[in-house]
Amino acid sequence: MAERYLVGKIVNTHGIRGEVKVVPVTDFPEQRFAKGSKLVIEAKTPLPVTVVNARPQKQLYLLTFAGFDDINAIEKYKGCELTVDEAEQAELAPGEYYYHDLVGLTVIDQAGQTLGQVSEILSPGANDVWVIPRPGKSDILLPFLKSVVLDIDLAQKVAHVEVPEGLIDDAD
């Protein structure tokens with residue numbers, strides 16, 4: 001069976017014509033949620049769907065799926081995740097990565113110290129931010145910038161970074 005990757009979560013319905021509000025969990029929401037895109041609603045039984053209409057609204061996307069013309073047909077999927085089959089992923093240019101490639105990487109600083117593993121990726125604005133939890137301390141929020149992330153080895157599941165001065169407060 002082909003692997004599937006998380007691209008969004010249905011958080012609510014919108015109106016009475018089967019439209020849903022989706023929180024995107026992808027770098028490529030315009031591509032992932034474009035008309036004709038094939039997604040899977042991760043319900044008790046995974047349900048393949050095709051996007052027939054999509055429009056951004058603030059940090060969400062409003063989507064309509066083929067065959068879901070009213071609120072009663074789609075409402076039961078509120079809270080479900082949306083995934084995409086591995087075969088539906090586009091090939092990326094060198095130096096570009098999918099979130100699922102980066103989550104779980106072991107992060108090593110310029111001194112050779114292991115900082116931890118990337119647990120999630122935030123997209124607050126200009127650049128992504130890696131969240132690296134530390135037991136008993138606050139999480140490291142590492143900006144995904146060329147000057148910070150020096151090397152990513154997906155085969156070894158390791159990223160080498162140069163931590164900006166003052167980013168990590170070891171006092172907490």
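Closest of all the heavy-atom pairs between Q59 and P24 is O-CD, 3.3 Å. Across all their heavy atoms, N127 and P143 have their closest contact at ND2-CB, 3.5 Å. Between K9 and G79, the shortest heavy-atom contact is CE-O, 3.2 Å.
Going from atom CD of Q117 over to atom CD1 of I132 covers 10.0 Å, rounded to the nearest 0.5 Å. Atom CG of D128 is separated from atom CD of E120 by 11.5 Å, given to the nearest 0.5 angstrom.
With side-chain heavy atoms closer than 4.5 Å counting as contact, directly or through intermediates, the hydrophobic cluster containing V25 also holds L6. Hydrophobic side-chain contacts under 4.5 Å tie L47 into a cluster, directly or through other members, with Y5, V7, I10, V20, V22, F33, L39, I41, V49, V51, Y61, L63, F65, F68, I74, Y77, L82, V84. Other cluster members for V129: L122, V131, L141, joined by side-chain heavy-atom distances under 4.5 Å among Ile, Leu, Val, Met, Phe, Trp and Tyr.
A donor-acceptor pair is defined here as one N or O able to donate and one able to accept, closer than 3.5 Å; no such pair exists between the side chain of T13 and the backbone of K78. Judged purely by atom type and a 3.5 angstrom limit, T64 has no side-chain atom pairing as donor or acceptor with the backbone of V52.
Annotation: side chain to side chain contact (heavy atoms under 4.5 Å, CB included) contacts of N72 (sequence neighbours excluded): D70. Residues that satisfy the salt bridge (charged side-chain N to carboxylate O under 4.0 Å, His left out) test with R55, not counting sequence neighbours, are E19.
Contact check for V23 versus L60: side-chain heavy atoms found under the 4.5 Å cut-off.
Hydrophobic clustering (ILVMFWY, side-chain heavy atoms < 4.5 Å, transitive): Y99 and I140 are in one cluster. Linking Ile, Leu, Val, Met, Phe, Trp and Tyr whenever their side-chain heavy atoms come within less than 4.5 Å leaves I108 and L102 in two separate clusters. Note on L115 and I121: same hydrophobic cluster, where clusters join Ile, Leu, Val, Met, Phe, Trp and Tyr whose side-chain heavy atoms are under 4.5 Å apart, directly or indirectly.
The list of salt bridge (Lys or Arg N to Asp or Glu O under 4.0 Å) pairs with a residue in residues 35-45, not counting sequence neighbours, reads R4-E42. Residue pairs meeting the ring-ring contact (aromatic ring centres under 6.0 Å, His included) criterion with at least one member in residues 117-155, sequence neighbours excluded: W130-F144. For the salt bridge (Lys or Arg N to Asp or Glu O under 4.0 Å) condition, no pair includes a residue of residues 94-109, sequence neighbours left out.
Results of the side chain to side chain contact (heavy atoms under 4.5 Å, CB included) test with V118 over L142, V107, T106 single out V107 as the only residue that passes.
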Which side-chain N or O atoms in residues 146-168 pair as donor and acceptor under 3.5 Å with protein atoms at least two apart or in another chain?
residue	atom	partner	partner atom	Å
D153	OD1	A155	N	3.1
D153	OD1	Q156	N	3.1

